[in-house]
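A short write-up of the structure that comes next.
Note that the structure is predicted; figures quoted are calculated from it, not measured. All chains are named by letter (A, B, ...) in the order of the sequence lines, taking the proteins before the strands, and each is independently numbered beginning at 1.
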Amino acid sequence: MIDLKFPDGSVRPFDAGVTGRDVAASISKSLEKKALLIKLDGELLDLARPLERGGAIEIITRERPEALDTIRHDTAHVLAEAVQELFPDTQVTIGPNVEDGFYYDFARAEPFSLDDLPKIEARMRQIVDRDEAISREVWDRAEAIAHFDGIGETYKAQIIRGIPGDQAITVYRQGQWKDLCRGPHLPSTRHVGKAFKLTKLAGAYWRGDQANAQLQRIYGTAWASDADLAAYLTRIEEAEKRDHRKVGAAMDLFHFQEEGRGMIFWHPKGWTLYRTLQNYVRRRMEAEGYVEVKTPQVLDRALWERSGHWEKFHDDMFTCETPDGEVLAIKPMNCPGHVQIFNHGQRSYRELPIRMAEFDGLHRNESSGSMHGIIRVRGLSQDDGHIFCTEEQIEAESKAFVDLLRLVYADLKVELQSVKLALRPDKRFGTEEQWTIAEDTLERAANAAGVEVERIPNEGAFYGPKLEFHLRDAIGRTWQCGTLQLDYVLPERLDATYIGEDGAKHRPVMLHRAILGSLERFTGVLIEHYAGAFPLWLAPVQVVVATITSDADDYAATAAAALRKAGLRVEIDLRNEKVGYKVREHSLAKVPVIAVVGRREAEEDKVALRRLGSDGQQVLTLDEAVALLTIEATPPDLR
RNA sequence: GCCGCCUUAGCUCAGCCGGUAGAGCAUCGCAUUCGUAAUGCGGGGGUCGCGUGUUCGAGUCACGCAGGCGGCGCCA
């Protein structure tokens with residue numbers, strides 16, 4: 001006998017080997033019908049799985065979030081079954097869940113076409129209608145390998161070879177079809193339901209390695225109900241409207257053209273936004289003791305060889321050659337330049353830490369497939385900084401940086417998606433001991449600043465581990481923005497030294513850090529975050545003074561001049577159009593404040609303020625309006 | 001870089017089985033002076049991404065290239 005404890009606290013005895021379905025049936029007929037899975041001591045299990053031990057049990061029905069994960073994974077299995085029925089020459093590989101859905105990777109000589117998706121979906125619905133029972137089998141490892149190799153499923157055989165020896169090899173069968181899978185699964189394909197949709201096709205490398213074969217990936221989304229699916233599709237559609245490329249074009253912020261792939265042409269409004277952001281972060285940094293420098297755009301290849309960048313990145317660097325045969329590289333980053341300034345003259349321990357900042361342009365020959373609007377570009381600049389310090393200063397400097405970053409993100413009202421600690425990569429410089437110290441120090445500093453990190457192996461820079469601060473774009477993709485990197489390597493390779501208290505030469509440590517990261521990328525993320533409707537202090541155009549009739553033209557000019565004198569970014573709209581037309585146009589252009597002036601306002605020295613997103617108006621005297629808007633338009637660090 | 005898809009007016013998009021290009025918005029002109037999300041009328045605007053081929057004839061079909069989009073890979 002085993003004891004099962006139910007969520008209401010009651011404990012009941014059952015025979016060992018009882019299944020979740022039996023347990024549900026013992027409660028009610030309807031629960032047996034609705035049950036999809038059970039959870040035993042936190043572990044999800046198939047409804048038909050015999051229970052050999054007792055514990056806390058929950059019956060999982062369709063409405064539960066745990067069920068959704070299983071529905072998605074089962075949808076992936078139904079997808080795989082449909083694909084193998086329709087395209088028998090296809091091998092299955094893996095099909096995990098992702099946010100809002102799933103994918104399945106297939107190995108097939110001929111790629112799928114977009115036209116195949118509706119056919120596959122139709123077959124998937126048939127499989128759901130067939131209501132194939134899903135059952136779990138435990139296989140012998142050697143037999144399983146031989147079996148999958150024998151039927152030409154070489155990827156599956158390879159996966160089994162990689163499964164640790166103490167783990168059971170489980171195969172799930174649904175109808176004629178079967179797949180190696182850990183489970184759990186729904187009782188039958190009917191429970192998958194039809195609230196799914198195949199969304200996109202993509203190529204993906206086997207095991208994420210470019211050296212391996214490229215598989216055909218089919219992405220899909222699946223939900224517990226049609227209403228949830230419809231809501232999801234609407235949400236995605238809405239989110240796509242926030243795309244910074246669309247908003248940027250609509251607001252006339254920037255453009256690209258073929259001759260400058262990955263190179264931004266910033267228009268006046270976009271550049272105003274960019275400079276406003278840059279000036280803000282520059283002030284925040286100056287207040288923290290940073291000193292700003294400017295280093296050359298083009299430097300001899302020899303310097304990049306010494307720093308180690310040439311070896312790892314020369315294909316990704318733009319280079320040029322003089323008629324004399326000198327090979328120069330356009331700088332992809334500022335670090336070696338900053339070390340040159342540090343190295344100029346003799347440094348004392350008394351000067352440390354030196355916090356050196358630079359906002360100069362950088363160029364990287366990013367591969368064609370990696371460019372993405374203004375978020376990933378070839379020409380960029382960072383709110384870059386390098387802190388030269390002693391080992392003892394690392395932790396305090398790191399914590400101060402994380403604090404500063406959090407302050408800036410709070411000012412900008414962006415939310416961190418995740419903070420990752422990128423650990424030592426295969427290709428690296430420096431000793432194991434240095435890496436261990438560096439990794440642990442970064443984690444401690446982050447924790448001290450109240451930030452939990454997720455350790456990710458193999459993702460660090462060649463010279464040191466990185467803290468990565470990730471933000472989300474409109475449709476949920478995440479992008480690394482801020483970063484903090486601890487580096488023992490470059491000071492050594494570029495021979496940076498300072499004179500210590502003991503009169504001897506010492507090696508400083510370098511902290512590479514950026515709060516926003518690429519200003520271009522951050523601007524892109526901000527555009528999507530605000531959908532172009534920026535807070536007053538960031539908005540490229542803060543106020544439009546719009547007239548109702550030409551009687552008010554002179555007064556509008558007076559009002560605009562007064563607002564401009566107070567430092568506001570003001571446009572004036574004297575066009576011979578109805579005020580409704582003007583309001584609509586400037587609202588669509590996301591101008592935060594429209595100051596409407598008609599004959600009445602002109603006579604009384606007033607303005608009628610209309611805020612973006614509200615249809616009321618606030619009638620103030622011109623002086624009051626100037627005072628109010630000036631306060632509102634003050635950047636957060638100057639308040 | 002790899003896989004798939006897309007590319008027609010400034011923008012968003014129509015254009016069937018190959019027969020010589022269309023709408024809305026924007027722009028320009030005229031009228032209108034109208035109090036908070038589109039005033040009316042009229043005009044101009046296109047080597048249909050680029051190239052080659054098939055054809056009597058190509059926006060439409062084929063091939064190549066470029067750029068873009070989605071994903072993978074890469075990201076100092």
Identify each atom pair where a protein N or O and an N or O of nucleotides 46-51 of chain B are less than 3.5 Å apart, giving names and distance.
none

Selected nucleotide, minimal atom distance to A:Q485 side chain, candidates B:rU33, B:rA76, B:rA37: B:rA76

Scan A:K466 against the nucleic acid and name what it touches under 4.0 Å (heavy atoms): base, sugar-phosphate only, or nothing. sugar-phosphate

Below 3.5 Å between N/O atoms, which protein atoms pair up with nucleotides 3-6 of chain B? Just atom names and distances, please.
from, atom 1, to, atom 2, distance (Å)
B:rC3, O4', A:Q214, OE1, 2.9
B:rC3, O2', A:Q216, OE1, 3.4
B:rC3, O2, A:G203, N, 3.2

Select one nucleotide: of B:rC75, B:rC72, B:rA37, the one nearest the side-chain heavy atoms of A:R376. B:rC75

Check: A:I374 and A:R521 side chains under 4.5 Å, non-hydrogen atoms: no

B:rC11 to B:rG68 separation - P atoms, rounded to the nearest Å: 15 Å

Rounded distance in Å between the C1' positions of B:rU54 and B:rG67: 26 Å

Please report whether the ring centroid of A:H309 lies less than 6.0 Å from that of A:F462. yes

Per atom distances to the A:R261 side chain, the nearest of B:rC72, B:rG67, B:rU36 is B:rG67

Would you mind checking if A:D615 and A:R610 are paired as a salt bridge, meaning a charged N to carboxylate O distance below 4.0 Å? no

Nearest-nucleotide 5' precedence on RNA chain B, A:M317 against A:Q210: A:Q210

Using the rule side-chain hydrogen bond (donor to acceptor under 3.5 Å, both in side chains), only one of A:K246, A:K241, A:R245 pairs with A:D243; which is it? A:R245

Does this structure show an ion pair linking A:K427 with A:E459, if we count only N-O contacts that are shorter than 4.0 Å? no

Does the distance from a Lys or Arg side-chain N to an Asp or Glu carboxylate O, for A:E240 and A:R235, drop under 4.0 Å? no

Given B:rA37, B:rA76, B:rU39, identify the nucleotide with an atom nearest to the side chain of A:Y581. B:rU39

Distance criterion of 3.5 Å, no angle test: do you see the side chain of A:S367 paired donor-to-acceptor with the base of B:rG73? yes

So A:K312, base contact, sugar-phosphate only, or nothing? Heavy-atom distance under 4.0 Å. sugar-phosphate

Options B:rA76, B:rA37, B:rC74, nucleotide nearest the side-chain atoms of A:S370: B:rC74

Output yes when A:R364 and A:D316 qualify as a salt bridge under the 4.0 Å nitrogen-oxygen rule, no when they do not. no

Minimum-distance nucleotide to A:K200 side chain [options: B:rU33, B:rG35, B:rG71]: B:rG71

Does the ring centre of A:Y103 sit less than 6.0 Å away from the ring centre of A:Y219? yes

Using a heavy-atom cut-off of under 4.0 Å over every strand shown, decide if A:D209 touches base, sugar-phosphate, or nothing. nothing

Please tell me which of A:G262 and A:R575 maps to the more 5' nucleotide of RNA chain B, matching each residue to the nucleotide holding its nearest heavy atom. A:R575

Taken in chain and number order and not counting sequence neighbours, the residues that satisfy side-chain hydrogen bond (donor to acceptor under 3.5 Å, both in side chains) with A:S398 are none

